[in-house]
Amino acid sequence: MLLWTVAEFRCGPGPLRETSAMQPPGEKQPRPHSAEMFGEQRDFWWNRDFLDLMAARWRLHEASSLADIGCGLGHWSRLLYPYLRQPARLAGVDSEPRWIAEAPQQFRRAFPQVAPELISFHQGDAARIPLPDNSYDVVTCQTLLMHLPQPLEVLREMLRILRPGGLLICVEPNNLWNYLAFAALTEDEPVDVLVRRFEFWLRHHRGRIAAGQGNHSIGDLVPGYFAQLGLREIAVHQADRPAWLVPPYDARAQKALIEQEQQWKNSATGPWDKEDLHRLVLLGGGNEDFFETAFAEIVEKFRHEQEAIAARTFHAAGGGINYLVSARKP
């Protein structure tokens with residue numbers, strides 16, 4: 001698989017930026033991921049028939065209001081909204097003013113028949129959601145908790161605005177898994193290189209946690225958090241859409257994956273910010289020699305993959321782990 005795109009495409013960073021109030025003193029402010037992650041590839045995260053199944057399991061037809069926390073441009077809530085009992089209210093909350101300004105336009109284009117007063121977007125912090133207590137039938141987030149230093153605090157806020165008996169839905173990944181999956185080139189790579197690469201991302205992962213930038217494999221922990229908060233009817237499912245690549249790469253989803261990866265590399269943004277990688281890997285216990293060796297191997301891996309894609313010999317099933325965790329408020 002491509003070095004970054006399966007992780008970012010399959011379980012991409014969420015739209016709610018870490019605010020200064022969430023950062024430990026003295027830590028470098030991370031750039032918002034959202035602007036880099038809202039490309040075309042985000043439109044291919046879900047299979048429609050899978051969403052039909054999940055909507056039936058969640059009984060969304062019984063709900064007539066939904067709040068999307070860390071909504072970004074509303075990619076996730078636009079998918080869920082048609083399953084609600086109409087006329088349905090929707091509220092989106094995000095810390096980025098740009099998304100709060102643009103999301104209503106996206107919704108109006110998608111649902112021109114919906115009365116404007118039913119749809120609202122609010123700028124705000126996920127730890128202090130600007131919505132009333134017990135006011136929504138469904139409260140949800142997609143790849144939000146993975147970025148936050150105190151996810152339990154945010155989950156408590158989401159529960160505050162959820163009515164009794166209402167449904168909480170959190171979609172969160174295990175992104176470390178993406179660095180264990182095999183692709184067409186993996187069998188030829190030395191074992192020590194594969195092990196070093198995983199150590200690189202594990203140290204990066206632990207560095208993010210130490211820096212207060214969240215846990216990119218938090219999906220494994222969310223069911224336990226729900227139990228800790230006393231929720232009932234806890235259920236865990238996994239998304240069914242892999243980010244697969246097979247020649248001639250002519251499907252729109254595959255083209256979007258390849259183009260996004262090239263754009264990140266060419267602009268040194270997203271997962272190719274070397275300064276940020278260096279800081280977090282060292283914070284996670286790596287040293288200078290380890291970082292330079294592993295990063296050089298990662299750059300070389302990218303080059304080999306791009307050559308194989310150009311030669312139409314690269315292929316990968318692109319599986320990942322993205323959990324859909326739901327539960328009812330007592």
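If you read the sequence from its start, that first residue is 1, and numbering goes on from there.
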Check your understanding: Do the ring centers of F291 and F200 come within less than 6.0 Å of each other?
Key ->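 They qualify: ring centres under 6.0 Å apart.
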Short N-O contact, [X] and [Y], less than 4.0 angstrom:
| X | Y | answer |
| --- | --- | --- |
| E297 | R196 | yes |
| E307 | R303 | yes |
| R59 | E62 | yes |
| D250 | K255 | no |
| E261 | K265 | no |
| E102 | R98 | yes |

Verify whether one side chain among [X] and [Y] offers a donor that lies under 3.5 Å from an acceptor in the other.
| X | Y | answer |
| --- | --- | --- |
| Q142 | W46 | yes |
| E96 | Q123 | no |
| E288 | H278 | yes |

So, the side chain of [X] versus the backbone of [Y]: is there a donor-acceptor pair under 3.5 Å, distance only?
| X | Y | value |
| --- | --- | --- |
| R156 | P151 | no |
| N47 | D49 | no |
| S95 | D125 | no |
| Q86 | L84 | yes |
| E172 | L145 | yes |
| S135 | P132 | yes |

Validation row: [X], [Y] side chains within 4.5 angstrom (heavy atoms):
| X | Y | value |
| --- | --- | --- |
| H216 | H204 | no |
| R163 | K329 | no |
| S77 | L90 | yes |

Review point. More than 12 foreign heavy atoms under 6.0 Å from CZ of R206: is that the case here?
Key: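 Counting neighbours around CZ of R206, 12 or fewer heavy atoms of other residues, nucleotides or ligands fall under 6.0 Å, so no.
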Practice item. Walk me through it: do W272 and Q263 pass the test side chain to side chain donor-acceptor pair (under 3.5 Å)? Key: CA-CA 10 Å; W272 282 105; Q263 178 184 336; over 6 Å; no
Review point. Is the Lys NZ or Arg CZ of R89 less than 6.0 Å from the centre of Y136's six-membered ring, within 45° of the axis?
Key: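 Output yes; distance and angle both within limits.
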**Study point:** Geometric class of the Y81/F107 ring pair [parallel <30°, tilted 30-60°, perpendicular >60°]
**Key:**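 Rings of F107 and Y81: perpendicular, as their planes differ by over 60°.
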Point to revise | Heavy-atom closest pair, residues P271 and L277 | key: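 In terms of heavy atoms, the two residues are closest at O-CD1, 3.5 Å.
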**Study point:** Pairwise distance CD(Q254) to CD1(I309) - rounded to 0.5 angstrom
**Key:**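 CD1 of I309 is found 10.0 Å from CD of Q254.
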